[in-house]
Amino acid sequence: MLDQVEEVASQANAELQKIASLDELEGWRVRYLGRKSKLINILRSLGDVPIEERRTLGARANQVKVGLESRFTQKKEQIELLKNQSLELEKIDVTLPGQPYQVGRLHLTTRTIKEICDIFISLGFQIVEGPEVEWEHYNFEALNMPAEHPARDGFATLWADYKTETGARPMLMRTHTSPVQIRTMEKAKPPIRVIAPGRVYRYEATDATHEWMFSQVEGLAVDKNITMADLKGTLFEFARRLFGQDRKCRFRVDYFPFVEPGCEIAIDCFVCGGKGCRLCGSSGWIEILGAGMVHPEVLRGCGIDPEEYSGFAFGMGVERIPILRYGIDDIRLFYNNDLRFLKQF
Ligand code: FA5
């Protein structure tokens with residue numbers, strides 16, 4: 001019987017080590033210390049054991065029982081402590097402030113385009129769009145710039161890798177939004193008043209005021225009796241609404257093959273006050289748009305009679321507007337994806 005007591009002791013101790021929950025521990029207590037357990041049965045039947053064995057067996061069985069009872073108490077305390085600790089860790093303080101969400105925002109260019117569009121919508125213009133991968137015909141020929149026309153040099157072109165059967169490469173990344181003028185005039189007949197915002201691409205080296213990819217907003221108005229005075233009035237009004245009364249505007253003659261006469265509008269440089277600096281390329285002026293009266297050949301090419309109708313068109317660089325307004329000294333910051341810059345607007 002003494003062997004049985006020892007076996008119970010070692011089995012009970014081994015099992016106890018693996019126990020991790022109060023339920024398992026209760027099962028263990030019933031198995032080894034319960035009324036029907038082997039150990040308690042041995043203690044209960046001590047009276048039947050011969051006297052010479054009884055003292056040793058009784059003493060050892062009691063010792064094992066007391067030992068198991070105290071290990072039971074210890075294990076119970078240990079499990080309860082661990083349980084409390086993990087509850088403590090899982091505790092949620094509902095009074096703590098929540099995690100702030102990172103709220104996205106519109107890119108500065110997008111916001112500026114929206115602002116420009118709002119001004120022109122209020123002046124009665126409609127918004128239209130055109131493709132960024134464009135046919136050479138719309139980007140150049142239909143705009144009075146046949147192949148070999150020297151004005152094409154001003155539009156350093158990124159050609160799309162597309163070949164026709166004759167080997168010509170008539171597709172390109174549009175170098176300006178002016179092809180949308182042609183697409184609009186082919187579809188709609190006057191009166192036309194549209195603006196076309198979008199991205200354009202030029203194969204040119206970047207500097208503080210030039211990017212290889214930037215945005216433009218094109219404008220076109222075609223109707224009977226449209227004159228240069230309408231062009232000036234519209235663009236002055238636009239400049240006043242966008243930049244305020246203080247900014248000076250300069251109209252100067254410029255040449256674009258698709259307008260006649262052509263002009264360029266510049267705004268005085270806010271950094272140097274017109275003295276000349278890195279931003280304005282020492283000129284004191286920042287050019288924001290090109291404009292002019294739609295060339296009769298362009299109207300005719302779109303099926304609009306230049307004897308009956310006339311129109312004005314303009315194209316502005318979008319990024320140059322926030323550059324002016326916020327004193328941004330490098331256009332390349334727009335597309336570097338540096339959040340420290342973008343989050344300021
Ligand atoms: C044109 O692109 C003409 N299509 C504009 C036009 C439309 C004239 C209709 C007449 C009638 P230009 O190449 O000058 O013109 O560009 C227009 C504007 O885009 C410039 O005034 C300038 O603000 C901006 N721009 C030009 N090149 C860049 C560049 N590399 N990076 C950023 N902005 C530029």
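Along the sequence shown, residues are numbered consecutively beginning with 1. Whatever order the structure lists ligands and atoms in, that order sets their numbers, starting from 1.
- Partners of R31 by side-chain contact (heavy atoms from CB on, under 4.5 Å), not counting sequence neighbours, listed by chain and number: E15, W28.
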Criterion side-chain contact (heavy atoms from CB on, under 4.5 Å) on M228 and M293, from CA distance to verdict: CA-CA 7 Å; M228 193 79 182; M293 300 305 291; 3.9 Å; yes
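- Looking only at protein heavy atoms, the nearest one to atom 17 (C) of ligand 1 is Q216 NE2, 3.4 Å.
- Partners of S310 under the side-chain contact (heavy atoms from CB on, under 4.5 Å) rule, at least two apart in sequence or in another chain, are I226.
- Considering only non-hydrogen protein atoms, atom 18 (C) of ligand 1 sits nearest to G317 N, 3.6 Å.
- Contacts between V200 and ligand 1, counted as non-hydrogen atom pairs separated by less than 4.0 Å, are absent for every part of the residue.
- Atom 12 (P) of ligand 1 has as its closest protein heavy atom R202 NH2, 3.9 Å.
- Contacts of F314 with ligand 1, taken as heavy-atom pairs under 4.0 Å, involve the backbone alone.
- Remark: side-chain polar atoms of R193 are not paired, donor with acceptor, to backbone N or O of A221 under 3.5 angstrom.
- In terms of modelled atom types and a separation under 3.5 Å, the side chain of D230 and the main chain of T227 share a donor-acceptor contact.
- When heavy-atom distances to ligand 1 are checked against a 4.0 Å cut-off, E218 comes that close only through its side chain, counted from C-beta outward.
- Neither the backbone nor the side chain of T177 comes within contact range of ligand 1; no heavy atom lies under 4.0 Å.
- Residue H176 touches ligand 1 through its side chain alone, judged by heavy-atom distances below 4.0 Å.
- Remark: minimum distance from atom 28 (C) of ligand 1 to any protein heavy atom is reached at F214 CZ, 3.3 Å.
- At a heavy-atom cutoff of 4.0 Å, ligand 1 is contacted by the side chain of V259 but not by its backbone.
- Where the criterion is an N or O separation shorter than 3.5 Å, residue side chain and backbone included, E211 meets it with respect to ligand 1.
- In terms of hydrophobic clustering, with Ile, Leu, Val, Met, Phe, Trp and Tyr side chains grouped at heavy-atom distances under 4.5 Å, F214 and V133 are assigned to different clusters.
- For atom 15 (O) of ligand 1, the closest non-hydrogen atom of the protein is F256 CE2, 3.3 Å.
- The protein heavy-atom contact nearest to atom 22 (C) of ligand 1 is R320 NH1, 3.3 Å.
- For E287, heavy-atom contacts with ligand 1 shorter than 4.0 Å involve the backbone as well as the side chain.
- Scanning all protein heavy atoms for the shortest distance to atom 30 (N) of ligand 1 gives E204 OE2, 2.7 Å.
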